[in-house]
Amino acid sequence: MMLPITRRPLFPSLYKSIQVQDPQVIGALKDLVERGEPYVATFMLKNDEQDVDSIKDMDEVHDIGVFSRIMSIYVSPNPEDKHLTVALYPWRRVRMKRILEKKSDAAADDGTKGSKKEDDSQTATTTVVLEDGMQSAGAGESGSEAATAKKVLDSIKSEYDFTALEVENVEDEPYDAKDATISATMSEIVSVLREITAMNPMFREQIHHFASAQVSKAVFENPSKLADFAAALSGGSSEELQDILSDLNVATRLEKALVVLKKELMNAQLQNKISKDVEAKISKRQRDFYLMEQLKGIKRELGLESDGKDKLIGQFKEKADSLQMPAEVKKVFDEEIGKLAHLEPAASEFNVTRNYLDWLTQIPWGKYSVEDYDLQRAKVVLDEDHYGLDDVKQRILEFIAVGKLRGAVQGKILCFVGPPGVGKTSIGKSIARSLNREFYRFSVGGLTDVAEIKGHRRTYVGAMPGKVVQALKRVQTENPLLLIDEIDKLGRGHQGDPASALLELLDPEQNNAFLDHYMDVPVDLSRVLFVCTANVTDTIPGPLLDRMEIIRLSGYLADEKLAIAQRYLSPQAKEAAGLKGASVMLTDDAIDSLVRSYCRESGVRSLKKHIEKIFRKAALKIIEEDIAVPAPKGADQGADAPGDSHAAKSTESGDKVPAGEASSSTAAKAKGEASSSNDKPSQAMVVPDSYSLDIGANVLKDYVGPPVFDSDRLYEKTPAGVVMGLAWTSMGGSALYIESVVETTAEAKDAGGAERGPHGQLHTTGQLGEVMKESSTLAYTFARSLMTRRHPENNFFNNNVIHLHVPEGATPKDGPSAGVTMATALLSLAFNKPIKQDVAMTGELTLTGRVLKIGGLKEKTIAARRSGVKRILFPKANIADWEELPENVKKGIEGCPIEWYEQIPPLVGLDD
């Protein structure tokens with residue numbers, strides 16, 4: 001009996017199971033087994049797509065197949081499953097001779113043709129052969145045995161429709177087992193098998209199954225069996241495998257088996273490479289995620305760590321327990337914690353709630369720093385950080401004394417107003433240091449967004465609290481000193497008015513329950529000491545200005561600048577230039593010349609820049625002249641070496657940091673850069689003790705250029721019609737000259753064709769503001785009125801066109817305080833008589849001659865002192881301001897309070 005198989009042939013000595021679905025063939029197979037003739041022949045179909053259990057023509061299959069014994073048959077218990085599984089053990093190769101006569105066509109209606117499927121997508125058919133120990137036809141069996149076998153087959157064939165064949169055995173061609181080629185090929189096949197098993201565990205199992213269970217160990221010593229074994233394990237094509245089965249030359253069969261086995265090895269190597277490539281493409285984030293999840297699971301099993309969300313909630317509760325939250329805040333905290341516990345970590349609301357709870361537990365509820373009200377220590381701190389400013393220091397000491405009596409410094413909002421560079425911000429640091437409070441500074445200059453003060457709503461992406469809550473988080477105390485810088489430069493935009501938002505913040509009656517938009521819980525700011533800084537008060541809204549106590553810093557006198565430069569600026573600039581310890585000195589006369597000829601502003605920033613420039617030029621000169629030498633190897637180049645270019649730095653809280661610590665990271669960075677370029681770290685240089693350089697006033701021009709101010713006064717001797725006034729600006733006080741000349745007479749103007757002015761005319765220039773223009777008109781009217789009343793015979797104002805000018809025309813000027821100065825200049829021109837040279841004046845003039853109060857008297861007095869003025873005329877209403885001026889400011893200056901203008905002419909030399 002013959003069974004056709006498809007796609008893969010069977011090889012001798014290798015078990016195989018097939019499936020048969022044709023009922024006629026199934027019946028015949030069962031009968032063969034029952035009658036003791038369990039033998040079949042299997043031949044592979046030439047068409048891989050054909051799947052039948054019997055054939056009609058020999059050309060449908062290959063001529064070489066295998067003779068197999070039926071080891072067992074298995075019928076599925078499922079009635080719907082009609083196929084039969086047959087386990088075969090192939091014995092030897094056979095060749096097809098002819099198809100035996102088939103059953104008559106009339107009997108063929110009893111069954112239907114089926115198809116069978118082989119395990120692992122292979123289809124096989126079996127041929128019934130003689131029983132084990134019998135010899136088949138063509139092998140020389142006895143006539144009786146052959147007759148018995150044919151009789152059994154004919155009997156079954158009369159009942160079932162299947163294919164019966166006559167076959168003959170085929171033997172391998174003779175070969176020499178010791179042939180070198182055969183031995184080498186066998187060794188290579190065994191080597192390839194080992195390589196495949198090392199990469200493919202499934203292949204290893206197949207080899208173990210075939211080699212240990214079904215085939216004797218002689219398979220690796222028998223060339224023919226090894227070739228069949230290698231071909232059966234490989235995944236070659238049907239043509240390649242049939243070619244190996246049909247080849248009776250053992251040497252060539254081994255080579256063909258090696259070829260298909262090599263292909264299998266290449267396939268295994270490619271599979272292994274693809275597997276590694278796929279693993280390499282797995283992103284690090286995914287690997288980390290899997291590993292972290294495994295780690296969490298391990299820790300959870302060991303009890304080392306709870307779930308991430310539970311741990312987070314526990315941390316928030318632990319923080320809240322360490323704080324003294326108000327009842328209202330505690331209630332909100334409990335609600336948010338409950339919400340967080342019911343949210344999934346992947347939810348977007350989870351992160352919003354977590355961030356809010358983080359901020360809520362970062363605010364230092366109930367935490368305060370212990371304040372120090374020691375007046376002596378406060379004096380020492382203020383004197384260490386600032387020179388002069390005695391009136392300001394006195395006001396700060398009064399403030400501390402009141403706090404000591406009350407037990408707390410609260411309920412006050414201080415505002416330091418003064419020109420740039422006078423130390424407003426540094427005084428705030430000094431107050432914090434003297435009170436032992438934490439210090440935090442933020443600037444509101446140009447601020448246009450209310451959310452910077454009040455915070456964002458939590459509904460916005462990236463919402464944050466305002467600056468005040470951020471400051472509390474940073475300082476971790478509820479009673480810090482908050483410095484709000486540049487409060488006079490607040491902006492206003494489409495996002496609201498920050499100045500209005502500051503009204504609640506800077507009101508002692510309201511800030512005990514300050515409501516930030518993000519936090520949405522009341523925050524007590526009543527114990528926060530607010531200090532604001534501004535250059536002017538004109539741009540501060542009235543309601544906001546009303547909430548602050550103004551402390552004015554007018555600037556420094558020349559002698560104060562000299563002392564500041566000697567004590568602070570010069571040593572710092574010298575150290576910053578790498579000249580610490582060197583005999584390079586800036587003399588007192590050089591500093592005095594800097595103050596008088598280069599740096600006349602109220603502050604000391606410009607003076608500091610000039611001093612730093614001088615020491616930098618001195619350092620350049622020393623290096624160019626090759627005077628400096630390498631520092632000793634054992635010298636400390638971080639803090640004490642002259643080559644160190646870092647001075648002690650101030651922290652945000654006003655404390656000092658040693659220069660060595662401040663420069664360590666920079667030095668390390670510089671060292672790394674040097675080593676990357678020439679593998680040799682840079683070495684600090686020192687100036688020998690034998691070298692000395694004194695920088696005096698006579699050589700300042702070589703260091704900072706020519707003087708900016710040639711003299712203290714615009715006029716060494718003022719002519720008629722010129723009077724020195726005093727002005728206040730955001731940069732401090734300054735001398736302001738008023739010039740007046742006769743442009744032409746009224747008659748000449750009339751002769752030229754212009755409209756005749758019966759009472760003369762006044763022209764003004766100098767970029768005057770509206771208020772100052774009105775003051776000039778008023779002064780002109782008052783001077784004419786005074787001349788008419790006192791000197792009716794003098795027709796100067798009626799007959800002349802007068803031009804009044806205020807120098808420095810590029811600088812805008814405005815304000816009413818130049819009224820008396822303009823009137824005096826016009827009268828001096830009318831009398832053609834210059835006033836006294838050492839007199840300056842300020843005051844607002846009315847039409848009736850009343851002199852009204854002005855502002856900035858201290859700044860104006862300092863400016864007059866710089867200009868060498870000996871007598872100042874000021875409104876009588878400012879006499880209290882004059883009396884409060886420090887003695888060193890008033891020294892050598894006569895103050896003359898004026899109530900009516902008629903008091904001025906005798907004082908300036910214009911009396912009758």
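Computed over heavy atoms, backbone and side chain alike; hydrogens, waters and symmetry mates excluded.
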Test side-chain contact (heavy atoms from CB on, under 4.5 Å) applied to F399 and L529, step by step: CA-CA 11 Å; F399 181 76; L529 178 56; 3.4 Å; yes
Heavy-atom side-chain contact between I550 and L414 under 4.5 Å: no
Separation between CD1 of I611 and NZ of K574, rounded to the nearest 0.5 Å: 12.5 Å
Closest contact, heavy atoms only, A401 versus L375: N-CD2, 4.1 Å
Steps toward side-chain contact (heavy atoms from CB on, under 4.5 Å) verdict (I862, K858): CA-CA 6 Å; I862 293 174; K858 182 177 180 180; 4.2 Å; yes
Note, V869 side chain near V839 side chain (heavy atom, < 4.5 Å): no
Heavy-atom pair with the smallest gap, counting every atom of G843 and V851: CA-CG1, 4.1 Å
Any Y556 side-chain heavy atom under 4.5 Å of V604 side chain: yes
Side-chain heavy-atom pair E894, K870 within 4.5 angstrom cut-off: no
By ring pair (Phe, Tyr, Trp, His ring centres under 6.0 Å) - contacts of F615 (at least two apart): none
N/O donor-acceptor pair under 3.5 Å between D488 side chain and N535 backbone: yes
Rounded distance (nearest 0.5 Å) linking atom OG1 of T842 with atom CD1 of I898: 12.0 Å
Test side-chain hydrogen bond (donor to acceptor under 3.5 Å, both in side chains) applied to T824 and Y901, step by step: CA-CA 9 Å; T824 305; Y901 183 83; 2.8 Å; yes
Cationic N near anionic O, under 4.0 Å, E887 to K890: yes
Non-hydrogen side-chain atoms of L829 and V722 separated by less than 4.5 Å: no
Carboxylate-amine/guanidinium contact D383 K379, below 4.0 Å: no
Partners meeting ring pair (Phe, Tyr, Trp, His ring centres under 6.0 Å) with F530 (sequence neighbours left out): none
Trace of the side-chain contact (heavy atoms from CB on, under 4.5 Å) decision for I695 with V699: CA-CA 7 Å; I695 304 172; V699 296; 4.0 Å; yes
Donor-acceptor side-chain pairing of S430 and D385 below 3.5 angstrom: yes
Heavy-atom donor-acceptor pair, Y780 side chain to A823 backbone, under 3.5 Å: no
L852 vs R850 side-chain heavy atoms within contact, under 4.5 Å: yes
Stepwise ring-ring contact (aromatic ring centres under 6.0 Å, His included) test for Y568 and Y387: CA-CA 9 Å; Y568 304 102; Y387 179 85; 7.6 Å; no
Exercise: identify the closest heavy-atom pair between L553 and I551: CD1-O, 3.6 Å
T764 side chain to L804 backbone, donor-acceptor under 3.5 Å: no
Residue pair V806 / I738, side-chain heavy-atom distance below 4.5 Å: yes
Flag if over 12 foreign heavy atoms under 6.0 Å of CD, Q767: yes
Side chain R616, main chain A576, donor-acceptor under 3.5 Å: no
Residue pair I854 / S817: nearest heavy atoms and the distance that separates them: CG2-CB, 3.4 Å
Close side-chain approach of M841 to I904, heavy-atom, < 4.5 Å: yes
Within 6.0 angstrom of R474 CZ, more than 12 heavy atoms from elsewhere: no
Donor-acceptor pair, side chain of S597 and main chain of L594, under 3.5 angstrom: no
E486 side chain to S443 side chain, donor-acceptor N/O pair below 3.5 angstrom: no
Side-chain H-bond candidate by donor/acceptor type, S426 with H386, under 3.5 Å: yes
Heavy-atom neighbours of K813 NZ exceed 12 at 6.0 Å: yes
Within 6.0 Å of NZ in K609, more than 12 heavy atoms from elsewhere: no
Donor-acceptor contact present, side-chain R437 to main-chain R433, <3.5 Å: no
Donor-acceptor pair, side chain of T718 and main chain of Q837, under 3.5 angstrom: no
Minimum heavy-atom distance P834-S828, with the two atoms named: CA-OG, 3.8 Å
Chi angles and distances behind the side-chain contact (heavy atoms from CB on, under 4.5 Å) call for R547, L503: CA-CA 8 Å; R547 285 164 165 78; L503 293 177; 3.6 Å; yes
Exercise: do H803 and T765 side chains pair donor with acceptor under 3.5 Å: yes
Under 3.5 Å donor-acceptor pairs involving side-chain atoms of residues 769-777, not counting sequence neighbours:
{"unit_1": "S775", "atom_1": "OG", "unit_2": "V771", "atom_2": "O", "d": "3.1"}
{"unit_1": "S776", "atom_1": "OG", "unit_2": "K773", "atom_2": "O", "d": "2.6"}
{"unit_1": "T777", "atom_1": "OG1", "unit_2": "K773", "atom_2": "O", "d": "3.1"}

Donor-acceptor pair between Y737 and T821 side chains, under 3.5 angstrom: no
